[in-house]
Protein chains: 2
Amino acid sequence: MGSVMRRPTIMDVARAAGVSKGAVSYALNGRPGVSEATRARILAVARELGWAPSNPARALAPGGRVGAIGMVVDRPARSLGIEPFFMRLVSGIETELTSSGIDLMLQVTEDVAAELAVYRRWATERRVDGVIMVDLRVEDPRPALARDLPLPAVILGGPEGTGGVPCLYTDDAVSVREVVHYLAALGHRRIVRVAGPEFFAHTRSRTEAFREAARLAGVAEARTVHADYTGEEGARVTRRLLATADPPTALVYDNDLMAVAALGVASEMGVDVPGRLSIVAWDDSALCRLVRPSLTAIARDVVGNGREAARMLGGLLAEERVDDVETPPGELRPRGSTGPLSH
Amino acid sequence: MGSVMRRPTIMDVARAAGVSKGAVSYALNGRPGVSEATRARILAVARELGWAPSNPARALAPGGRVGAIGMVVDRPARSLGIEPFFMRLVSGIETELTSSGIDLMLQVTEDVAAELAVYRRWATERRVDGVIMVDLRVEDPRPALARDLPLPAVILGGPEGTGGVPCLYTDDAVSVREVVHYLAALGHRRIVRVAGPEFFAHTRSRTEAFREAARLAGVAEARTVHADYTGEEGARVTRRLLATADPPTALVYDNDLMAVAALGVASEMGVDVPGRLSIVAWDDSALCRLVRPSLTAIARDVVGNGREAARMLGGLLAEERVDDVETPPGELRPRGSTGPLSH
DNA sequence: CCCGATGGCTTAACCGGTTCAGCGAAGCAG
DNA sequence: CTGCTTCGCTGAACCGGTTAAGCCATCGGG
């Protein structure tokens with residue numbers, strides 16, 4: 001009150017407790033070197049003064065950590081706002097971090113070059129202790145960068161092409177097969193998959209799995225077209241597909257947003273769902289349950305994955321050995337948007 | 001190659017350039033105190049060594065800044081993933097920060113108490129230089145906390161109840177009036193507004209404006225009910241409203257998510273939109289354009305607001321005088337979900 | 001009783017920047 | 001030529017922690 005209160009430093013605590021600042025440091029960090037009586041007194045004084053460690057000072061000390069990890073999201077700005085995936089991931093990451101007092105830095109970039117620049121800056125300026133990388137690409141330059149900088153990292157994706165960086169991956173082929181067999185069983189023989197951009201690694205592996213599964217399930221016509229995950233492009237592609245002479249009877253989308261857009265397009269073109277067209281979304285979010293008909297979707301535990309990735313990165317930072325982790329495949333949740341063809 | 005390369009420090013640059021580290025600091029920060037020739041040489045050496053300032057060291061120096069700002073999002077986790085508002089805000093904030101090399105820390109909390117704890121921690125541990133606060137509440141404890149800590153802050157909301165913290169606000173009453181008159185002109189006389197939680201300041205001011213506007217527009221029946229912004233609850237409330245004897249003919253939602261849910265409920269109950277029910281969403285996102293019928297919405301420049309808020313916080317950190325800023329009211333975008341009643 | 005080990009604390013160096021005071025040389029006015 | 005100012009740089013303190021090294025008192029064993 002009146003005078004401006006300076007944040008108390010460890011030195012203030014030391015003076016108030018009548019010991020050296022070294023002793024205070026030992027006491028506060030629960031390390032040996034002080035008696036239990038002294039430790040208790042120091043803790044009491046620190047609490048009373050409202051002391052908290054200065055993060056910059058801690059980080060600066062030899063071997064010190066910044067206490068923050070980073071995540072770069074590199075998606076077209078116009079799809080970002082609406083794509084539920086990232087916020088769910090963030091909330092998963094944070095549930096894991098909260099207990100350890102680690103913060104999350106988020107950065108949105110426009111392209112890969114900018115993303116790489118961010119990692120470089122974060123590493124050289126010591127702004128984060130490590131990063132979580134999402135959206136693994138074909139020939140992704142990021143694992144090599146992480147190794148060279150060096151910058152501890154965990155990748156969501158893989159397990160191929162991660163160049164030694166620990167990763168959290170899912171075998172999408174399982175889900176792809178499940179979807180294809182499900183649709184085939186419903187009688188569908190012309191299925192088109194509207195995928196994300198070709199340069200994403202998971203897009204490619206799903207594409208291969210899709211082709212193979214279709215062959216095995218005896219689906220005559222099965223192909224993949226690419227879009228950019230935005231609702232606009234999802235709508236455009238869908239419109240084009242439905243306008244052909246012999247339109248597909250089932251469409252599988254690589255994210256929920258495009259699937260919702262497809263629903264709108266079908267309604268606008270008077271195509272009955274699921275009577276004449278079945279729609280499947282990859283990644284189940286609340287969105288899929290809100291629209292009508294509700295969307296059949298492949299549900300992954302995105303929040304849990306975020307949490308697990310954060311845990312892995314934590315292990316990495318603690319110099320523990322961290323192995324790749326495989327998460328359970330996404331499971332099909334049949335809803336109103338899929339069904340047999342009505343004649 | 002071979003040996004582990006230590007990050008070059010300012011001292012390495014100084015030795016390589018044959019000057020003291022003080023001189024290097026002056027040169028790199030563009031301050032007077034070194035000749036142009038020396039400055040050029042130092043810059044060349046620094047670039048060659050790949051030097052970048054250690055952020056913790058900078059922050060630790062007297063008067064140093066952390067180079068990061070924070071934002072806490074306090075919403076129920078289940079609506080977070082899908083709520084487009086925050087990601088759009090984040091991307092706006094970042095467009096402003098990118099040029100200045102400031103990072104954004106994001107934290108998701110479960111309640112206000114946790115949110116306050118985060119601010120406290122960020123301030124006492126010196127993890128951020130300032131924060132952007134969203135979702136101003138009635139009797140919001142955050143402005144006082146920001147003043148006491150102290151923690152530079154900018155609030156999205158207000159201008160009442162911000163307790164001296166600079167804010168970025170919109171006069172929602174303008175948009176509320178526009179919506180009400182629009183619906184009244186279409187012939188609607190029973191309008192219900194499905195608002196967000198009552199404890200948000202903007203909820204309350206919209207509620208008042210809504211009542212007043214309805215009176216002026218001669219709308220006989222106009223009331224507000226509250227929900228929590230989630231699709232689930234939006235759906236539940238809508239179902240209840242439509243099941244009454246004399247159901248409302250128009251519903252106005254406080255966010256886009258609940259409006260989408262309402263569309264689903266209407267379809268499920270066989271209520272034609274807009275033939276028997278008009279629906280308006282507050283906050284226009286791509287979502288509103290994807291569903292069918294597309295949603296009439298009130299569009300705000302969320303991205304621009306994020307950007308402006310970041311700019312204001314920047315000014316605050318630069319010790320400039322920062323005034324409250326009023327942004328243009330959200331504008332009504334009529335689409336397919338509203339229309340006259342059909343008989 | 002003496003010696004070595006141990007516990008408990010202090011001292012001081014260190015992290016990597018920023019900045020202030022000071023100092024020699026050069027420039028300039030008188 | 002002298003004295004003052006300015007320029008360009010150096011040296012050192014400082015930010016607030018962590019931690020290695022050292023020192024003194026106590027204690028147990030032989």
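So that the names make sense, note that chain A is the first sequence line, chain B the second, and so on, each numbered from 1. Given the structure is predicted, the values throughout are model-derived calculations rather than measurements.
- Minimum atom distance to the side chain of B:Pro62 is reached by C:dG17, of the listed C:dC9, D:dC9, C:dG17.
- In this structure, the side chain of B:Thr38 does not engage the main chain of B:Val34 through any donor-acceptor pair within 3.5 Å.
- Classified by interplanar angle (parallel below 30°, tilted 30° to 60°, perpendicular above 60°), the ring pair B:Trp122/B:Tyr119 is perpendicular.
- Put simply, CG on B:Asn29 is 17 Å from P on C:dG16, counting in whole angstrom units.
- Separating the NZ atom of B:Lys21 from the C1' atom of C:dG17 is a distance of 6 Å, rounded to the nearest angstrom.
- Atom CG in A:Leu60 sits about 12 Å away from atom P in D:dG17, given to the nearest Å.
- The separation between A:Leu28 atom CG and D:dG17 atom P is 9 Å, rounded to whole Å.
- Applying the 4.0 Å criterion to OP1 and OP2 of C:dT18, one finds that B:Arg58 has a side-chain N or O inside that range.
- Among D:dC9, D:dA21, C:dT19, the nucleotide with an atom closest to any side-chain atom of B:Ser35 is D:dC9.
- Taking atom CZ of residue B:Arg6 and atom P of nucleotide C:dG16, one finds them 7 Å apart after rounding to whole Å.
- Listed candidates were C:dG17, D:dC9, D:dG16. Nearest to the side chain of B:Ile10 is C:dG17.
- In the set C:dG17, C:dC15, D:dT19, the nucleotide with an atom closest to the side chain of B:Ser54 is C:dG17.
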- Derivation of the side chain to side chain contact (heavy atoms under 4.5 Å, CB included) call for B:Ile69 and B:Ile93: CA-CA 10 Å; B:Ile69 66 170; B:Ile93 293 171; 4.2 Å; yes
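- Set against C:dT19, D:dC15, C:dG17, the side chain of B:Arg31 has C:dT19 as its closest nucleotide.
- Between the C1' atom of C:dC15 and the CZ atom of B:Arg7 lies a distance of 11 Å, rounded to the nearest Å.
- Of the side-chain N and O atoms in B:Thr38, one or more sit less than 4.0 angstrom from OP1 or OP2 of D:dC9.
- Within 4.0 Å of A:Ala52, counting heavy atoms only, lie sugar-phosphate atoms of the nucleic acid but no base atom.
- Between D:dG17 and A:Asn55, no contact under 4.0 Å exists linking OP1 or OP2 to a side-chain N or O.
- Counting non-hydrogen atoms under 4.0 angstrom, B:Ala17 reaches nothing in the nucleic acid.
- Taking only side-chain atoms of B:Tyr26, from C-beta outward, the nucleotide of C:dC9, C:dG17, C:dT19 with the closest atom is C:dT19.
- For A:Ser20, a side-chain nitrogen or oxygen approaches OP1 or OP2 of C:dT10 to under 4.0 Å.
- Comparing D:dT10, D:dT19, C:dT19 against the side chain of B:Ser25 picks out C:dT19 as the nearest.
- Exactly one of A:Asn305, A:Thr327, A:Asp301 qualifies for a side-chain hydrogen bond (donor to acceptor under 3.5 Å, both in side chains) with A:Thr170. That residue is A:Thr327.
- For A:Arg7 (side chain) and A:Ala52 (main-chain N/O), a donor-acceptor pair under 3.5 Å exists by modelled atom type.
- In this entry the distance linking CG of A:Leu49 with P of D:dG17 reads 12 Å, nearest Å.
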- Check step by step if salt bridge (Lys or Arg N to Asp or Glu O under 4.0 Å) holds for B:Glu115 and B:Arg142. CA-CA 9 Å; B:Glu115 181 176 355; B:Arg142 296 175 299 168; 2.7 Å; yes
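- Side chain of B:Ala61, nearest nucleotide from D:dG17, C:dT18, D:dT10: C:dT18.
- Per the geometry, CZ belonging to B:Arg39 stands 13 Å off P belonging to D:dC7, to the nearest Å.
- Between B:Ala57 and B:Ala23, it is B:Ala23 whose nearest contact on DNA chain D lies nearer the 5' terminus.
- Checking the phosphate oxygens (OP1, OP2) of C:dG16, no side-chain nitrogen or oxygen of B:Trp51 falls inside 4.0 Å.
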